Amino acid sequence: MSGKLAKLKVKIRNFSLKDMLDFKNLPLRRDKAIAAAEDKDINTSFPINSNAARLHPSVQKMVVSRIIERDGCSARTLVLKKEDNSPAAWFRAGQYVSVKMKIGSSYVTRPYSISSSPKLTKDGRIFITVKENPGGFVADFILTELKEGDSVLVSGPEGNFYHDRLRDSRNVVAVAGGSGITPFLSMAYAIRDGIEDFNLTILFGSRTEKSILFRNELDSITEETDKVRVVHVLSDEEAPLFEHGFITADLIRKYAPSDYSLFICGPEGLYRHMEDVVKELGLPKRLVRREIIGVSGRMVSSVSDTPEESYRLSVIQGPYRYETTASSKETLLVAMERAGILAPAKCRSGECGWCRSKILSGTVCIPPQNDFRRNMDKQTEHIHPCVSFPTSDIVLEVPRGDTPDA
Ligand code: FES
């Protein structure tokens with residue numbers, strides 16, 4: 001403004017008799033409109049909401065419709081089907097779901113990569129494969145107790161371990177160990193089915209020829225599409241047509257095209273081994289992707305060599321307080337599950353933030369490679385219990401998780 005106040009001209013019309021009559025007849029007109037309206041409920045659900053709920057469900061009620069034993073591989077594939085036969089949530093090949101169960105008095109969740117094609121979601125099915133995990137009581141339960149017809153609660157698809165053409169090269173070299181083949185099997189199916197469009201070279205490490213998981217499935221995919229290639233690498237035996245030893249930088253160079261993204265999925269030992277291999281290859285960070293779902297006590301051993309100790313863990317959930325103990329070699333999430341405390345969890349690797357909780361007192365050790373907390377969370381003493389190992393007595397404020405029978 002230039003110092004002068006702008007003059008605002010407002011024209012006020014006189015209130016007329018017609019305005020008064022309009023106002024007086026307003027209820028009459030409203031009643032007429034109501035009487036003339038159709039006698040049906042007002043629409044309170046909109047297509048956008050139902051589509052969003054269908055595509056991104058927080059839980060899917062599913063049954064184990066079939067169990068496929070993987071003889072010689074100490075593993076089982078579970079075919080999960082929606083209880084109401086509706087389509088399962090669509091996913092990107094490489095994503096995982098978190099399966100929630102009640103075992104004894106403990107509520108547990110475990111993330112498993114989906115091993116089937118996204119195409120099968122249309123008839124409500126997804127496949128997951130569970131491999132023997134010595135000392136792991138959920139894998140034990142699934143391998144020995146779970147049977148066809150049992151119900152499980154499954155999360156919507158989670159995780160970022162999928163091919164993104166804006167971020168990744170059109171050529172992917174996948175390094176898989178053991179059951180780490182599952183996300184790559186799903187990618188291979190998706191390529192075969194025309195859902196994904198990139199070239200996939202899988203270097204698959206197994207101990208022996210007999211212990212190769214999904215050998216027939218991988219063979220039939222490579223017969224159907226030339227965009228997928230599989231190289232088997234056997235560590236414990238030599239056989240014609242197979243590579244022998246470990247997956248090294250030289251082996252990757254032998255099979256990789258000139259430009260590629262490197263995807264890695266397998267047991268913890270494979271990730272440690274691949275750290276040096278990636279350095280030797282000199283690949284930029286953005287071209288290397290790792291899938292780590294689940295963290296074990298061995299990971300804390302890599303950052304802390306303190307002896308195993310037991311601490312007091314107090315958990316506050318709303319008005320409730322629980323007291324239990326936690327080992328320095330187990331995550332706080334595992335300690336809570338053992339005590340039957342219903343804690344939220346999905347990825348179990350520090351990435352999704354679903355288990356975010358506040359430390360009211362005490363200290364923890366978090367392996368740096370699994371510390372995905374926001375800076376603000378670090379400043380305000382928030383942690384992800386799925387990757388936090390106690391180093392003192394702890395008081396923890398935890399949100400309440402869903403029950404498997406929700
Ligand atoms: S369960 Fe995902 S961060 Fe803890």
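Positions are given from 1, in the same order as the sequence printed here. Counting convention: from 1, in listed order, for ligands and their atoms alike. Because the structure is a prediction, the values reported are computed rather than measured.
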Next on the checklist: In terms of relative ring orientation, are H163 and F198 parallel, tilted or perpendicular, with 30° and 60° separating the classes?
Outcome noted: parallel

Checklist entry - Among pairs that include at least one residue of residues 40-99, which meet ring pair (Phe, Tyr, Trp, His ring centres under 6.0 Å), considering only residues two or more places apart or in two chains? => result none

Checklist entry - Is any protein N, O or S atom closer than 2.8 Å to atom 2 (Fe) of ligand 1, and if so, which? => result C347 SG, C352 SG

Checklist outcome for this item: In short, ring pair (Phe, Tyr, Trp, His ring centres under 6.0 Å) pairs touching residues 209-236 with sequence neighbours left out are F204-H232, H232-F242

Item to check | Ionic contact status for R290 with E275, cut-off 4.0 Å | outcome: no

Next on the checklist: For E237 and R207: C-alpha separation, side-chain torsions, deciding distance, then whether salt bridge (Lys or Arg N to Asp or Glu O under 4.0 Å) applies.
Outcome noted: CA-CA 7 Å; E237 71 180 12; R207 287 185 185 282; over 6 Å; no

Item to check | Contacts of S392 that satisfy side-chain hydrogen bond (donor to acceptor under 3.5 Å, both in side chains) - sequence neighbours left out | outcome: T363

